[in-house]
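Predicted, not measured: the structure shown is a model, and the values here were computed from it.
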Amino acid sequence: MPELPEVQSVVDSLLPHLPGCTILSVSQSRLDIASHGAFTRSPATGLPLAPLLTSRTITSLHRRAKRIVLTLDNHATLYFHLGMTGHLALNSSHPPDQQSHPSLPHTHLTVILSSTPSPHLTSNILPLTFSDPRRFGKVVYLPPGHPTDLGLGPEPLTLPPADFHTLLRSSKRPLKSALLDQSLIAGLGNIYVDESLHAARLHPRKRATTLTRAQSSLLLSHIQRILLASIAANGSTLRDYRNANNQPGNFQSSHQVYNRTGIPCPTCQTPIQKITLAQRSTHFCPQCQSYRKTQNQHSRRT
DNA sequence: GTCCATGTTCTTTA
DNA sequence: CTAAAGAACATGGA
């Protein structure tokens, strides 16, 4: 579901509503969707969020990589990571008196918000729900002062070209693997890596370290152009993705290679090819995205 | 039943 | 030692 543009679209759809809201109540049907301090899953203990969130006010909201970050009035932060099928939904039309509302399947968390600090002025009550069928998503509570950015690489939209080139030079891995590595550069996923490599006419197996300064600069400019265009189109909806108002994205119609196996490349009409790389399906045009120079073919598997 | 899926972490292998 | 590859997580749709 969520790469950088989709997560940004969720944040954009939440921004008019959340800041300034007070959390009236929290109902959590699974403890193990939430954890304290880290995204690691090994503890698997789970965390009850209600005591930490109730009566707090949301002061601000932003995106970091593929995470949605809520800041609370006590300077604690709440991270939402959507995984593959996670969905944050605002339901402003939800009747506040309907306590018998059957929770949809896979709704693991409902946060009841009030747009006014006092719960007695019952004017604007809105529920924020987190649902996630596959449960790859996570909610992480970070207490005030807790370090937030552990292990995440820089944001692609604000990364200077020279820094991007340095990052790529440090990795002998295929471009596809390197660009998916969130500790190297944070926010890209399978769709936008495939689309960006096609736009830059680079083979996904080409080693990151072999890019010239001109090639890496071109690649970064395509990454940024595609991310911005997708944000403007509210992201890509392949199947499940919806923003917090349940609206799908529109950028999937602009995809050139992703999920288009066998369809002619828009540039050269060669059928798009699909291979598996870094355990992910990888779509590319064998004509436009050839190795060309600096081909180190001897490093092919035994 | 099989295969596949917008993601990430942990374990095993090289 | 590092880095790559594989497995695992959980559910649903084609």
Nearest-Å distance for atom pair [atom1]/[atom2], residues [X] and [N]:
{"X": "A:His87", "N": "B:dG7", "atom1": "NE2", "atom2": "C1'", "answer": "17 Å"}
{"X": "A:Lys66", "N": "B:dT8", "atom1": "NZ", "atom2": "P", "answer": "4 Å"}
{"X": "A:Asn190", "N": "B:dA5", "atom1": "CG", "atom2": "P", "answer": "8 Å"}
{"X": "A:Arg135", "N": "B:dA5", "atom1": "CZ", "atom2": "C1'", "answer": "17 Å"}
{"X": "A:Ile33", "N": "B:dG7", "atom1": "CD1", "atom2": "P", "answer": "20 Å"}
{"X": "A:Arg260", "N": "B:dC4", "atom1": "CZ", "atom2": "C1'", "answer": "19 Å"}
{"X": "A:Arg239", "N": "C:dG13", "atom1": "CZ", "atom2": "P", "answer": "7 Å"}
{"X": "A:Leu179", "N": "B:dT6", "atom1": "CG", "atom2": "P", "answer": "16 Å"}

Need one value for [X]: base, sugar-phosphate or nothing, where a base atom within 4.0 Å counts as base even if backbone is also close, heavy atoms only.
{"X": "A:Ser177", "result": "nothing"}
{"X": "A:Gln182", "result": "sugar-phosphate"}
{"X": "A:Tyr258", "result": "sugar-phosphate"}

Output a table of nitrogen or oxygen pairs between the protein and nucleotides 12-14 of chain B separated by less than 3.5 Å.
none

Phosphate OP1/OP2 of [N] contacted by [X] side-chain N/O (<4.0 Å):
{"X": "A:Arg280", "N": "B:dG7", "value": "yes"}
{"X": "A:Ser281", "N": "B:dT6", "value": "yes"}
{"X": "A:His81", "N": "B:dG7", "value": "no"}

Polar contact flag, side-chain donor to acceptor under 3.5 angstrom, A:Ser236-A:His255:
yes
Taking atom types as modelled and ignoring hydrogens, do the side chains of A:Arg63 and A:Gln8 form a donor-acceptor contact shorter than 3.5 angstrom?
yes
Could you give the distance from OG (A:Ser27) to NE2 (A:His108), rounded to the nearest 0.5 Å?
12.0 Å
A:Tyr141 vs A:His36 aromatic rings, parallel, tilted or perpendicular, using cut-offs 30° and 60°?
tilted
Measure from the side-chain heavy atoms of [X] and tell me the nearest of [options].
{"X": "A:His106", "options": "B:dA5, C:dT11, B:dG7", "result": "C:dT11"}
{"X": "A:Lys274", "options": "B:dA5, B:dT6, C:dC9", "result": "B:dA5"}
{"X": "A:Arg173", "options": "C:dA10, C:dA4, C:dT11", "result": "C:dA4"}
{"X": "A:Lys172", "options": "B:dT6, B:dT8, C:dA4", "result": "C:dA4"}
{"X": "A:Gln279", "options": "B:dG7, C:dG6, C:dT11", "result": "C:dG6"}
{"X": "A:Arg134", "options": "C:dG6, B:dT6, C:dA10", "result": "C:dA10"}

Strand partner of C:dA10, provided both Watson-Crick or wobble distances fall under 3.5 Å:
none
For B:dT6, which nucleotide in any strand shown is its Watson-Crick or wobble partner with both distances under 3.5 Å?
none
Identify whether the distance between the nearest side-chain nitrogen and carboxylate oxygen of [X] and [Y] falls below 4.0 Å.
{"X": "A:Asp132", "Y": "A:Lys138", "answer": "no"}
{"X": "A:Glu6", "Y": "A:Lys66", "answer": "no"}
{"X": "A:Arg173", "Y": "A:Asp181", "answer": "yes"}

State plainly whether one hydrophobic cluster holds both A:Leu157 and A:Leu219, where clusters connect Ile, Leu, Val, Met, Phe, Trp and Tyr through side-chain heavy atoms under 4.5 angstrom apart.
yes
Taking atom [atom1] in both [N] and [M], compute the distance separating them and give it to the nearest angstrom.
{"N": "C:dG6", "M": "B:dA5", "atom1": "P", "answer": "16 Å"}
{"N": "B:dT11", "M": "C:dA10", "atom1": "P", "answer": "15 Å"}
{"N": "B:dC3", "M": "C:dA8", "atom1": "P", "answer": "15 Å"}

With the six-membered base ring of B:dT6 as reference, does the ring of A:Tyr241 sit under 5.5 Å away with planes under 30° apart?
no
Close side-chain approach of A:Glu195 to A:Gln256, heavy-atom, < 4.5 Å
yes
Residue pair A:Pro133/A:Ser170 against DNA chain C: nearer the 5' end by closest nucleotide is A:Ser170
